[in-house]
Amino acid sequence: MNNSTSAQIIDGNALAAHLRTDVKRRAAALAAKGVTPGLAVVLVGENPASQVYVRNKVKGCVDAGMHSVLERYADTMTEDELLARIDALNQDRTIHGILVQLPLPVHIDAAKVIEAISPAKDVDGFHIASAGALMVGQQGFWPCTPYGCMKMLESIGYNLRGKHAVVIGRSNIVGKPMALMLLQQNATVTICHSATADLKALTLQADVIVAAVGKRNVLTADMVKPGAVVIDVGMNRNDEGKLCGDVDFEGVRQVAGYITPVPGGVGPMTITMLLVNTLEAAEREFAA
Ligand code: NAP
């Protein structure tokens with residue numbers, strides 16, 4: 001713990017770079033045995049944010065020495081056509097992970113598409129089989145963002161046993177899996193959401209707070225117990241149009257023991273965990 005009044009920053013860029021070095025090493029070891037881990041990224045439509053995300057995912061793979069294909073389709077693609085592509089990728093031996101970038105156009109049922117992905121290739125961890133595996137503590141794929149948050153806690157040697165963790169947000173891709181992962185590490189977990197009556201009363205009790213809401217200043221300094229670990233998943237824009245999180249960073253860093261910044265915190269960890277999951281999928285298939 002630092003002895004000043006300012007929290008230690010958990011540097012997501014540095015941790016991501018460290019983990020990616022390990023992914024690269026393991027991918028090379030697998031490639032030497034004849035298997036290059038492969039990720040297929042499927043994008044339907046022209047959503048500008050999605051285009052940036054998929055490019056970064058493909059680049060992350062290639063930089064780690066993995067194979068990656070980006071399949072782009074017009075938003076006129078039908079659900080049946082997309083399901084047929086998923087089926088083909090499920091059969092493709094060079095592809096170990098399949099990621100369908102969300103959101104999909106409204107005429108396509110995203111849940112149906114995600115359920116069509118083979119659970120063995122569900123590197124986003126969104127399939128019901130992956131969600132179920134996380135819930136019962138079996139092997140599956142953990143959703144990348146909360147998985148990255150767990151790696152951040154691990155990186156500071158934080159022992160969650162007996163600690164009180166408060167997760168703000170209960171989405172299927174962040175809040176709920178985050179709560180299950182913390183529970184699996186023996187934290188006592190409280191999940192908060194938009195109907196939570198007194199958020200501050202709960203966060204003030206927390207040793208660990210994960211904010212995954214999508215609104216600026218959901219967590220302010222007066223809501224944080226001195227020394228708490230604060231993980232900020234949120235991605236918002238401030239009045240100047242700059243990227244910011246859910247946490248009032250400047251205020252909360254005066255109280256917290258550790259804090260993740262935005263940008264440079266959870267964001268770089270998310271793609272990194274996608275690479276980890278893709279590598280893991282290939283390693284599992286090789287071992288099978
Ligand atoms: P989401 O599906 O919109 O879920 C937001 C959650 O916040 C909901 O559970 C909602 O409650 C809750 N909430 C809303 N207002 C609240 C309030 N005033 N107090 C307490 N809880 C409140 O969002 P998401 O997909 O989980 O994403 C959350 C944020 O993380 C977004 O900013 C997103 O951009 C960001 N994100 C970042 C990454 C990354 O890589 N850094 C990855 C994924 C997401 P209800 O359930 O009651 O509506």
Side-chain angles (χ1 to χ4, degrees), residues 9-13 15-16 19-20 41 47-50 52-57 59-60 99-104 110-111 114 123-126 130-131 134 141-153 165-182 189-206 209-220 222-224 230-238 241-249 252 259-277:
I9 309 285
I10 307 176
D11 182 343
N13 283 320
L15 180 58
L19 292 173
R20 285 182 197 215
V41 179
N47 183 312
S50 294
V52 175
Y53 294 148
V54 296
R55 269 203 302 275
N56 288 340
K57 288 168 184 175
K59 182 173 183 307
L99 181 152
V100 177
Q101 186 65 43
L102 301 177
L104 285 168
I114 299 301
V123 288
D124 244 347
F126 293 169
S130 298
L134 171 59
F141 291 103
W142 284 6
C144 302
T145 300
Y147 191 6
C149 295
M150 293 303 285
K151 284 286 173 192
M152 294 181 112
L153 289 168
V166 169
V167 179
I168 317 175
R170 58 171 164 182
S171 72
N172 290 333
I173 61 169
V174 189
K176 277 187 218 161
M178 185 79 245
L180 288 168
M181 290 172 199
L182 292 162
V189 183
T190 301
I191 307 174
C192 300
H193 44 77
S194 66
T196 296
D198 189 349
L199 182 63
K200 180 176 170 178
L202 295 162
T203 56
L204 273 174
Q205 296 172 32
I209 303 170
V210 181
V213 173
K215 288 181 188 159
R216 286 163 59 192
N217 298 330
V218 157
L219 193 75
T220 47
D222 58 312
M223 300 168 74
V224 177
V230 176
I231 311 258
D232 191 353
V233 180
M235 282 198 312
N236 313 295
R237 296 272 165 198
N238 67 15
K242 283 197 187 140
L243 195 62
C244 68
D246 291 346
V247 175
D248 169 23
F249 183 80
V252 171
I259 191 167
T260 67
V262 179
V266 174
M269 293 299 294
T270 296
I271 295 186
T272 301
M273 301 325 292
L274 174 69
L275 305 181
V276 169
N277 278 348

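In listed order, ligands and their atoms are each counted from 1.
Proximity of W142 to P177: side-chain heavy atoms (C-beta onward) are nowhere separated by under 4.5 Å. P103 is listed as a side-chain neighbour of S50, based on a closest heavy-atom distance under 4.5 Å. Between L153 and I231 there is a side-chain heavy-atom pair separated by less than 4.5 Å. Counting heavy atoms from C-beta outward, D124 and L102 have side chains that stay 4.5 Å or more apart. Proximity of S194 to K215: side-chain heavy atoms (C-beta onward) are nowhere separated by under 4.5 Å.
Atoms of ligand 1 found under 4.0 Å from any heavy atom of G169 (numbered from 1 in listed order, with element): 6 (C), 7 (O), 9 (O). Each of the atoms 20 (C), 21 (N) of ligand 1 lies under 4.0 Å from some heavy atom of I168. Ligand 1 places these atoms under 4.0 Å from at least one heavy atom of I173: 25 (O). Taking a cut-off of under 4.0 Å to the non-hydrogen atoms of A212, the atoms of ligand 1 that pass are 5 (C), 6 (C), 7 (O), 28 (C).
Of all protein heavy atoms, the one lying nearest to atom 20 (C) of ligand 1 is H193 O, 3.3 Å. Regarding atom 47 (O) of ligand 1, its nearest protein heavy-atom neighbour is S194 OG, 2.5 Å. Nearest to atom 26 (O) of ligand 1 among the protein's heavy atoms is S171 OG, 2.5 Å. For atom 15 (N) of ligand 1, the closest non-hydrogen atom on the protein side is K215 NZ, 2.9 Å. The closest protein non-hydrogen atom to atom 30 (O) of ligand 1 is V233 O, 3.4 Å. The nearest protein atom to atom 8 (C) of ligand 1, hydrogens excluded, is given as R170 N, 4.0 Å; this is a heavy-atom distance. T270 OG1, 2.7 Å is the protein heavy atom nearest to atom 40 (O) of ligand 1. Here the heavy atom of the protein found nearest to atom 29 (C) of ligand 1 is G214 N, 3.7 Å.
One N or O on the side chain of D246 and one on the backbone of V213 form a donor-acceptor pair closer than 3.5 Å.
Every N/O-N/O distance between D246 and ligand 1 stays at or above 3.5 Å.
Judged by the shortest distance from any of its heavy atoms, G175 lies outside the 4.0 Å radius around the atoms of ligand 1. Assignment of T196 to the shell around ligand 1 is not supported, since no heavy atom sits closer than 4.0 Å.
Applying the side-chain hydrogen bond (donor to acceptor under 3.5 Å, both in side chains) criterion to R216, with sequence neighbours excluded, gives D239.
Closest heavy-atom approach to atom 16 (C) of ligand 1 among the candidates T145, V167, V213: V213.
Closest approach of L15 to K151, counting heavy atoms only: CD2-O, 3.7 Å. Nearest approach of I191 to G169, heavy atoms of both residues: CG2-O, 3.9 Å. Between A212 and V174, the shortest heavy-atom contact is CB-CG1, 3.5 Å.
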